[in-house]
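Reminder, nothing fancy here: chain letters follow the sequence lines and each chain counts from 1.
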Number of protein chains: 2
Amino acid sequence: MEPRVRFNARIEGVEYDLLDELIGYAVRRAQLSIYEDFAATMEADEITPQRFSSLVIVENNPGISQSRLAEVMGIARSGVVAIIDGFEKAGLMERRASGDRRSYSLLLTQAGTRLLKRYKRAVKEHDERISAGLTLTEKAQLRRLLSKLGTA
Amino acid sequence: MEPRVRFNARIEGVEYDLLDELIGYAVRRAQLSIYEDFAATMEADEITPQRFSSLVIVENNPGISQSRLAEVMGIARSGVVAIIDGFEKAGLMERRASGDRRSYSLLLTQAGTRLLKRYKRAVKEHDERISAGLTLTEKAQLRRLLSKLGTA
DNA sequence: TATTGTTATACTCTATAACTATA
DNA sequence: TATAGTTATAGAGTATAACAATA
């Protein structure tokens, strides 16, 4: 059997050269490591970072439209359709009529709210685990520095 | 026509709640913004962060095997086959016989070395652009903090 | 027996374009 | 004319499993 593929940020004896100097690669490295822990944490549940974010956004912006959600997530509107379809089928989200008959108001159902509560606890634990090497001050500093990245 | 999908790390008037507190989401946000700039920078070339990394790793670890490269990249061996096929077809990389007849020694061709030189310049510029809001000290700090993330 | 590269296959994510119903 | 949601479709990227050659 094939060993499960795992990302190791730095392999012994391998020269990374320029990659070690790039901020972009440092972020990518961290992101891959974090994703692995997220996936392992939520393995039993059918939830991804993307879907988790969607639930949180809808909970905190009740009545948001699919187009708006697509904008927040940075994906095409067609992608949101599939995500909401899945949530609706699972009974976690509801497409309710909005004033504008072209669009829906997205809302969490009771079951959705309840499940998200559990997800949030798990994700918080995961986040504390992956950032356990940092002090509170360092975490704040890291968030601050990360928020400054990207094309201005 | 559909407006091109772009990721905006923080949309006006949207509540992000927990997401604003998670280190994982901060990294994800940064990663998406960085990727957008990378893609825009390298638009004319058929190169992705993944493929660029492969070229750099092979250049600095000449003779590396596909399995080893897969390990470094954190992807399955089958995925590396397609990547190397593409590079070989483009004349950028060479599969040379190694001592072990089961495996290949990967090497950049002259053309590969030349092209990578250009890519490196472009990627460096991109990296400086996305991190232009940080001082040198802050960049070093960010790299240090990021390297501490992930399951210990 | 184990490892390397390969192929076949499938699944997820995403985009684009065209459609409909509404505005 | 423009916008919201939808569908159809296609292209990456990735994984798993099985295989042949070799160790």
Side-chain angles (χ1 to χ4, degrees), chain A residues 1-7 28 31-32 35-36 38-40 42-43 45-54 58 63-89 93-107, chain B residues 1-7 28 31-32 35-36 38-40 42-43 45-54 58 63-89 93-107:
Chain A
M1 239 257 287
E2 195 81 28
R4 206 183 153 338
V5 174
R6 271 192 52 75
F7 176 71
R28 184 179 154 79
Q31 215 272 320
L32 288 170
Y35 177 74
E36 291 226 338
F38 184 99
M42 309 306 272
E43 200 176 18
D45 304 283
E46 286 193 350
I47 193 81
T48 59
Q50 180 84 271
R51 279 198 265 270
F52 174 72
S53 303
S54 302
V58 171
I64 194 173
S65 71
Q66 294 186 189
S67 290
R68 182 79 162 159
L69 182 58
E71 195 190 351
V72 176
M73 311 296 294
I75 63 175
R77 288 175 301 146
S78 57
V80 170
V81 174
I83 294 176
I84 308 299
D85 281 355
F87 283 143
E88 213 173 40
K89 197 171 300 181
M93 215 179 265
E94 187 191 344
R95 284 175 165 108
R96 194 174 295 179
S98 74
D100 187 332
R101 280 163 63 198
R102 287 172 304 182
S103 72
Y104 293 119
S105 279
L106 299 178
L107 293 166
Chain B
M1 236 255 289
E2 196 81 30
R4 207 186 152 332
V5 174
R6 270 191 52 77
F7 176 71
R28 183 180 155 80
Q31 215 272 319
L32 289 169
Y35 177 74
E36 290 226 338
F38 184 99
M42 310 305 272
E43 200 175 18
D45 303 284
E46 287 192 349
I47 193 80
T48 60
Q50 181 84 274
R51 280 199 264 271
F52 174 73
S53 302
S54 302
V58 171
I64 193 173
S65 70
Q66 293 185 190
S67 289
R68 181 82 161 157
L69 183 58
E71 195 190 350
V72 175
M73 310 297 293
I75 62 174
R77 289 175 299 146
S78 56
V80 170
V81 174
I83 295 176
I84 308 301
D85 282 355
F87 283 142
E88 212 173 42
K89 199 171 297 181
M93 216 179 264
E94 186 192 343
R95 284 176 165 107
R96 194 175 293 180
S98 72
D100 186 333
R101 282 163 64 199
R102 287 172 304 184
S103 73
Y104 293 119
S105 279
L106 298 178
L107 292 166

Find the distance [X]:[atom1] to [N]:[atom2] and express it as a whole number of Å.
{"X": "B:Leu69", "N": "C:dT4", "atom1": "CG", "atom2": "P", "value": "13 Å"}
{"X": "A:Glu71", "N": "C:dA15", "atom1": "CD", "atom2": "P", "value": "14 Å"}
{"X": "B:Ile84", "N": "C:dT7", "atom1": "CD1", "atom2": "P", "value": "14 Å"}
{"X": "B:Asp100", "N": "C:dA2", "atom1": "CG", "atom2": "P", "value": "17 Å"}
{"X": "B:Leu32", "N": "C:dT14", "atom1": "CG", "atom2": "P", "value": "9 Å"}
{"X": "A:Tyr104", "N": "C:dA21", "atom1": "OH", "atom2": "C1'", "value": "10 Å"}
{"X": "A:Met93", "N": "D:dG5", "atom1": "CE", "atom2": "P", "value": "13 Å"}
{"X": "A:Leu106", "N": "D:dA4", "atom1": "CG", "atom2": "P", "value": "13 Å"}

Practice task
Could you tell me whether the side chain of B:Arg102 has a donor or acceptor atom within less than 3.5 Å of a complementary atom in the base of C:dT3?
Solution key: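 When only heavy-atom distances are counted, B:Arg102 does reach the base of C:dT3 through a donor-acceptor pair under 3.5 Å.
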Practice task
Using only heavy-atom distances, decide whether a donor-acceptor pair under 3.5 angstrom links the side-chain of A:Arg77 to the base of D:dG5.
Solution key: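 Such a pair is found, so the answer is yes.
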Exercise for the section: Measure across B:Leu32 and B:Phe7 and return the closest heavy-atom pair with its distance rounded to 0.1 Å. Expected result: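 Closest heavy-atom pair between B:Leu32 and B:Phe7: CB-CD2, 3.5 Å.
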Handout entry: For B:Leu107, the option from B:Arg95, B:Arg96, B:Met93 that meets side-chain contact (heavy atoms from CB on, under 4.5 Å)
Key =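 With B:Leu107 as partner, side-chain contact (heavy atoms from CB on, under 4.5 Å) holds for just one option, B:Arg96.
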Practice task
Identify, between A:Gly79 and A:Gly99, the residue whose nearest nucleotide on DNA chain C lies closer to the 5' end.
Solution key: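 Nearest-nucleotide comparison on DNA chain C picks A:Gly79.
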Exercise for the section: Return the 5'-most residue of the pair B:Ser65, A:Arg101 with respect to DNA chain C, ranking by each residue's nearest nucleotide. Expected result: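 Closest to the 5' end, via its nearest nucleotide, is B:Ser65.
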Contact class for [X] vs. all strands (heavy atom < 4.0 Å): base, sugar-phosphate, or nothing?
{"X": "B:Arg95", "value": "sugar-phosphate"}
{"X": "A:Arg68", "value": "nothing"}
{"X": "A:Ser78", "value": "base"}
{"X": "B:Val80", "value": "nothing"}

Practice task
For the side chain of A:Val81, starting at C-beta, report the closest nucleotide among C:dA15, D:dA4, D:dT6.
Solution key: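 That would be D:dT6.
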Problem - Candidates D:dG13, C:dT14, D:dG5 - which lies nearest the side chain of A:Ile75 - result: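 Ranking D:dG13, C:dT14, D:dG5 by closest atom to the A:Ile75 side chain puts C:dT14 first.
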Closer than 4.0 Å, any side-chain N/O of [X] to the OP1 or OP2 of [N]?
{"X": "A:Ser67", "N": "D:dG5", "answer": "yes"}
{"X": "B:Gln66", "N": "C:dT3", "answer": "no"}
{"X": "B:Gln50", "N": "D:dA12", "answer": "no"}

Problem - Atom CZ of B:Phe87: over 12 foreign heavy atoms under 6.0 Å - result: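 Result for CZ/B:Phe87: enclosed.
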Exercise for the section: Verify the neighbour count for atom CZ of A:Phe38: are there more than 12 heavy atoms of other residues, nucleotides or ligands below 6.0 Å? Expected result: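 Yes - once you tally the heavy atoms of other residues, nucleotides and ligands closer than 6.0 Å, there are more than 12.
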Exercise for the section: For residues A:Ile75 and A:Ile83, determine if any side-chain heavy atom of one lies less than 4.5 Å from a side-chain heavy atom of the other. Expected result: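 The answer is yes; the side chains approach within 4.5 Å.
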Problem - Side chain to side chain, B:Val58 and B:Ile84, heavy atoms closer than 4.5 Å - result: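 Sidechains of B:Ile84 and B:Val58: no contact.
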